[in-house]
Amino acid sequence: MADARLKHFGWGREGEAITPEEERFALERYRRRFGVDGFAEKAPPALEGIRLPSPRVAPPPSLAAICSSERYDRAAHTYGKSYPDTVRGLLGDYAAAPDVVAYPRDAADVAALIDWAGSIGAAVIPFGGGSSVVGGVEHRIDAARYKAALTLDLARMGRVLEVDRASRAARIEAGAFGPALEAQLKPHALTLRHFPQSFEYSTLGGWIATRSGGHFATLYTHIDDFVQSLVVVTPEGRLETRRLPGSGAGPSPDRLFIGSEGILGVITEAWMRLQDRPRFRAGGAVRFKDFLAAARAVRAIAQSGLFPSNCRVLDAEEAHNTGAGDGSFAVMVLAFESGDHSVGPWMERALECCRDHDGTPEAAESADAHREGAAGRWRNAFIRMPYARERMVPRAIISDTFETAITWDRFERFHDAVTAATEAAITAATGRPGQVTCRFTHVYPDGPAPYFSFHGLGRHGALIEQWRQIKEAASDALIAAGGTITHHHAVGRDHRPWYDRQRPPLFAAALEAAKRALDPQGLLNPGVLIDP
Ligand SMILES: Cc1cc2nc3c(=O)[nH]c(=O)nc-3n(C[C@H](O)[C@H](O)[C@H](O)COP(=O)(O)OP(=O)(O)OC[C@H]3O[C@@H](n4cnc5c(N)ncnc54)[C@H](O)[C@@H]3O)c2cc1C
């Protein structure tokens, strides 16, 4: 399986899928929820059946060896992995395929490809794993302004180049996928320990460009915390930031590029802060009758200075959907880890905080507790979930997630307002009630990062419009109630209307000025974060 190609439609590699039992489990839940006997199923077109527009440009001989306009390459780089991306794949709509896909081997190739794009007026779309759920890798260019779209896939740049054991840091190429990156660090007994749900099929460069959120629920929540320095290739040249454990020298150049989503330059490598592999663990699940009581326990833990590695709370329905509960109680998945010392006392104190809020621990202080009981069932569902979408969309099931962050003082009202707006939108869009669930992915002393899932039964032919109605209502509610349009899924093209409302206008002007300085022709990822 390791050598199989990534799918052009769906999650993971060709040949990978949810099992028939997993599919039956999910469909049975949906059948009961929507009160239907079954689902009309449509099949996505085979790769050979997809119609692609003719490429508008061909690479010069000097770049031909690292470029492709083959059917697979263009189809597999047309979309990211959002709900509407999957619907358009199902419909065989590949009108937005890039003209050329390039696979640079190093920063010099990246510079040469950007130069070529500049010389012919083509847009350049940096591409890591293509796991964007916000339209980050789909070009959507204005044909009157751009002659073509060149996707720049960094998959061939996946090596760990250097390890500094004393400082616990490594220089890593931006195209490294999660598993390959960790495998190269393992012989050094080091680890990055940044595990987004998309870990297997996303890259270091993509994580940095989108400020991804990993599995740590506290302290090291975003990839930002691990970036020591960067190398970035821009249309105006290459820049390298200084390796430092910290610096107070003015605004941080790293911070300008972290989260720049490919509009300012292509990140080609980074020095990353690493950790010792954990040897001590304590973890388990805690039950709460009430989600809001669980949220108060989370607040107590988040403000205690304990900093658990995992502190996820699932509401009762989310716990039920993932097999972590039966729908009658909320579940907190709690874990501590360390490469240095026993974490039992930390776990004990966190459990006291839970008991103070009527939490009932299911298991505690077993080295493998995070893989057992409710915590283990949730972990398993979390890993397998991404494969479900390509089997549910063909049944016209609308199932998606959105995530945000809010301060504790506003959380309870915020949660109720967002849930109510999303539930109402599902009923309005699909003609029947659906389901909205919530969990926390990350927690801070001053507030949680709530992550909502929603489910509705759509109609073939109307899926994108129905999804859009729900997504817009949910996003409007997030912004109106004071939250952010995204805590870790990035802005891309799809979150622009709400990002534009949330950021101060003068900051937008400053970002546009940075763009003009680094990319005066506006080649890089037009439409992401700012107007092209
Ligand atoms: C099933 C699933 C689960 C997910 N779980 C999480 C999660 O737990 N946490 C989380 O934060 N996100 C998650 N995401 C979203 C996504 O995985 C992240 O945004 C991830 O960081 C993207 O990495 P990538 O390598 O796939 O980048 P891509 O999707 O290829 O690109 C994302 C953006 O970054 C730009 N980009 C990519 N590489 C570079 C580079 N080297 N230089 C400059 N720009 C670049 C692209 O142009 C694009 O705008 C999930 C997505 C899916 C589909």
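Computed from heavy atoms alone, side chains included, the values below leave out hydrogens, waters and symmetry copies. This structure is a prediction, so every number in the text was calculated from the model and none was measured. For this chain, numbers begin at 1 and follow the sequence in order. Counting starts at 1 for both ligands and their atoms, following the listed order.
- Contact analysis puts N525 in contact with ligand 1, with a non-hydrogen atom separation below 4.0 angstrom.
- Every ring-ring contact (aromatic ring centres under 6.0 Å, His included) that F127 has, sequence neighbours left out, goes to H77.
- For S202, no nitrogen or oxygen atom sits less than 3.5 Å from a nitrogen or oxygen atom of ligand 1, counting backbone and side chain alike.
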Requested in this report: Start with the C-alpha distance between Y79 and S132, add both sets of side-chain angles, then the distance that settles side-chain hydrogen bond (donor to acceptor under 3.5 Å, both in side chains), and finish with yes or no.
Outcome: CA-CA 8 Å; Y79 293 125; S132 168; over 6 Å; no

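- Residue contacts with ligand 1 leave out A490, since none of its heavy atoms falls under 4.0 Å from the ligand.
- The shortest separation from a heavy atom of G214 to ligand 1 is not under 4.0 Å, leaving the residue out of contact.
- Contact between G492 and ligand 1 is absent, with no heavy atom of the residue lying under 4.0 Å from the ligand.
- Distances from atom 28 (P) of ligand 1 to the heavy atoms of G130, A155, G206 put G130 nearest.
- In this structure, the side chain to side chain donor-acceptor pair (under 3.5 Å) partners of D73, at least two apart in sequence or on a different chain, are S68, Y103.
- Residue, atom and distance of the protein heavy atom nearest to atom 22 (C) of ligand 1 are S131 OG, 3.3 Å.
- If you check each of S260, G136, G265 against atom 49 (O) of ligand 1, the one with the closest non-hydrogen atom is G136.
- In this pair, H442 and H488 present their aromatic rings perpendicular. The plane angle is above 60°, beyond the 30 to 60° band.
- Taking distance alone, with nitrogen or oxygen atoms compared against 3.5 Å, L154 stays at or beyond that limit from ligand 1.
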